[in-house]
Amino acid sequence: MPWRFNDNVLIINDAGLIINNGFITDVGPWDLLRSRYEYDRIINAEDSLVTAGLVDPHTHLLFAGSREDELELKLNGVSYEDILKRGGGIRRTIEATVKADDKELVKVGLSRLTQALSYGTTTIEVKSGYGLSIDQEIRLLRLINDLKNRIEVDIVVTFLAHVPLGNGREGYVRDIVNSMSKIRDLATFADVFCDSEAFTVNESKVILEAAYNAGLGLRMHADELSYIGCSDLARELELTSIDHLLNTPEGNIKVMAVRGITATLLPITVLTLMTNKRPLVNVMRSSRAITAIGTDFSPNTWSISMQTAMELSSYLLGLTPMEALMAATVNSAYSLGLRDRGVLMPGYLADVVIWNVPNYRWLTYSIGANKVKAIVKRGKVITGDCLS
Ligand code: NIG
Ligand code: FE
């Protein structure tokens with residue numbers, strides 16, 4: 001079940017978790033549990049906050065190159081849209097990515113996943129999107145799949161229709177639609193960047209309908225730069241998540257809440273776009289929309305830390321620390337179709353973070369430090385010194 005605003009969250013002091021074969025089998029006050037079970041190993045989390053592992057539901061993790069010079073352009077008043085119009089932004093990253101060989105991409109991919117894990121992310125979504133031609137997109141999807149076996153983090157793969165080809169946009173949409181059976185074998189979700197400077201509402205609809213018919217889950221980048229009607233598709237399509245939502249009208253957020261479409265907030269990108277626009281978190285709260293948080297790691301938003309995303313969700317968007325935690329765990333897992341993780345309850349995966357802080361409020365109160373003390377993935381301690 002996802003978490004809706006105002007739902008209760010049970011906090012247990014001096015708690016214990018019983019883990020068996022990678023799953024949580026019991027949880028409760030440690031004094032009670034310790035007498036009931038025999039155990040061969042104790043993970044000691046004394047004086048520390050313990051939560052479910054973080055789930056990052058939105059990253060553009062696999063690309064070559066970087067675009068640090070665009071920061072200076074932005075500081076001089078050139079907008080993200082203008083950079084894109086001039087052939088910079090995503091288009092530049094596509095050029096660099098297409099030139100990079102598989103080995104190089106796997107290497108950067110792995111190093112970024114390792115970093116994500118060190119910040120407490122135990123499950124991560126990774127999108128393609130910097131290939132442009134369908135063959136290159138399929139290469140990226142294959143490489144993302146290759147990364148799965150090389151690291152403990154669980155990876156959910158998404159095909160992203162990122163930017164349409166200048167003159168050949170109709171042909172590109174057709175290529176995508178015609179390739180859905182191949183994409184389906186390599187990805188769980190399809191996503192479209194629907195916005196001014198990207199795909200139109202109609203193009204997005206055509207792509208997402210084809211994806212749906214092929215059995216893929218649907219996500220969308222919508223209303224990030226401006227509102228051209230993208231989030232209206234919440235009424236028509238079986239979307240799982242709509243992300244960004246900086247310009248989304250109130251009515252569409254209410255539709256998402258009723259239809260159970262996750263509203264995914266990307267607070268680090270609110271910062272990197274240098275915009276005054278904000279998603280309508282109050283409407284999400286009053287309509288009890290399922291709300292998630294992601295990093296949106298990309299060359300435009302160079303942070304793979306879900307901790308930073310949570311911190312900024314409080315300070316920029318007004319989420320409380322508990323709302324941020326639910327958005328970054330159980331709801332982000334839900335938005336990826338994963339019902340087996342995100343809370344510490346019997347029957348759930350033992351993906352656990354032990355934090356260097358005494359209570360959950362510190363998760364968004366303190367800024368910039370890596371607050372992870374230890375990480376347990378499927379019951380196995382993979383970082384941190386907490387075995388006794
Ligand atoms: O979610 N909006 C589209 N894609 C990314 C940015 C990608 C890029 O700038 O390279 C985003 O913000
Ligand atoms: Fe994105």
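In listed order, ligands and their atoms are each counted from 1. Only this structure's heavy atoms are used, side chains among them; waters, hydrogens and symmetry mates stay out. The first residue in the sequence is number 1, and the count goes up from there.
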Salt bridge flag under 4.0 Å for residues Lys254 and Glu250:
yes
What protein heavy atom sits nearest [atom], and how far away is it?
| atom | value |
| --- | --- |
| atom 11 (C) of ligand 1 | Asp296 OD2, 3.2 Å |
| atom 7 (C) of ligand 1 | Tyr130 OH, 3.2 Å |
| atom 6 (C) of ligand 1 | Tyr80 OH, 3.3 Å |
| atom 4 (N) of ligand 1 | His162 NE2, 2.9 Å |
| atom 2 (N) of ligand 1 | Glu224 OE1, 2.6 Å |
| atom 5 (C) of ligand 1 | His60 NE2, 3.5 Å |

Please give me the minimum heavy-atom distance between Ile24 and Val343, naming the atom from each residue.
CD1-O, 4.2 Å
Quick one about Arg285 and Asn282 (side-chain donor to acceptor, distance below 3.5 Å, no hydrogens or angles considered), yes or no?
yes
So, Arg112 and Gln115: side-chain donor and acceptor under 3.5 Å apart, yes or no?
no
Measure from the Fe ion (ligand 2) to every N/O/S atom of Asp296 and report the name of the nearest one.
OD1
Consider every N or O of Thr93 and every N or O of ligand 1, then say whether any pair is closer than 3.5 Å.
no
Between His221 and ligand 1, is there a nitrogen or oxygen pair with a distance under 3.5 Å?
yes
Using 30° and 60° as the class limits, which term best fits the ring planes of Trp302 and Phe297: parallel, tilted or perpendicular?
perpendicular
Arg219 NZ/CZ over Phe189 ring centroid, <6.0 Å and within 45° of normal
yes
Metal proximity, His244 vs the Fe ion (ligand 2), N/O/S cut-off 2.8 Å:
no
Any N/O/S of Glu224 under 2.8 Å from the Fe ion (ligand 2)?
no
What atoms of ligand 1 come within less than 4.0 Å of a heavy atom belonging to [X]?
| X | value |
| --- | --- |
| Asn300 | 9 (O) |
| Ile90 | 7 (C), 8 (C), 9 (O), 10 (O) |
| Arg67 | 8 (C), 9 (O), 10 (O) |

Please confirm whether the backbone N or O of Ala292 pairs with a side-chain atom of Ser332, one donor and one acceptor, at under 3.5 Å?
no
Using the Fe ion (ligand 2) as the apex, give the angle to atoms NE2 (His60) and NE2 (His58), rounded to 10 degrees.
100°
CG/Leu61 to OG/Ser128 distance, rounded to the nearest 0.5 angstrom?
12.0 Å
Examine ligand 1 and decide if any of its atoms is less than 4.0 Å from a heavy atom belonging to Pro299.
yes
Reference residue Phe159; test side chain to side chain contact (heavy atoms under 4.5 Å, CB included); the match among Ile134, Ile138, Leu140:
Ile134
Give the C-alpha distance, both sets of side-chain angles, the deciding distance and a yes or no for ring pair (Phe, Tyr, Trp, His ring centres under 6.0 Å) between Trp30 and Tyr39.
CA-CA 13 Å; Trp30 176 233; Tyr39 40 81; 5.7 Å; yes
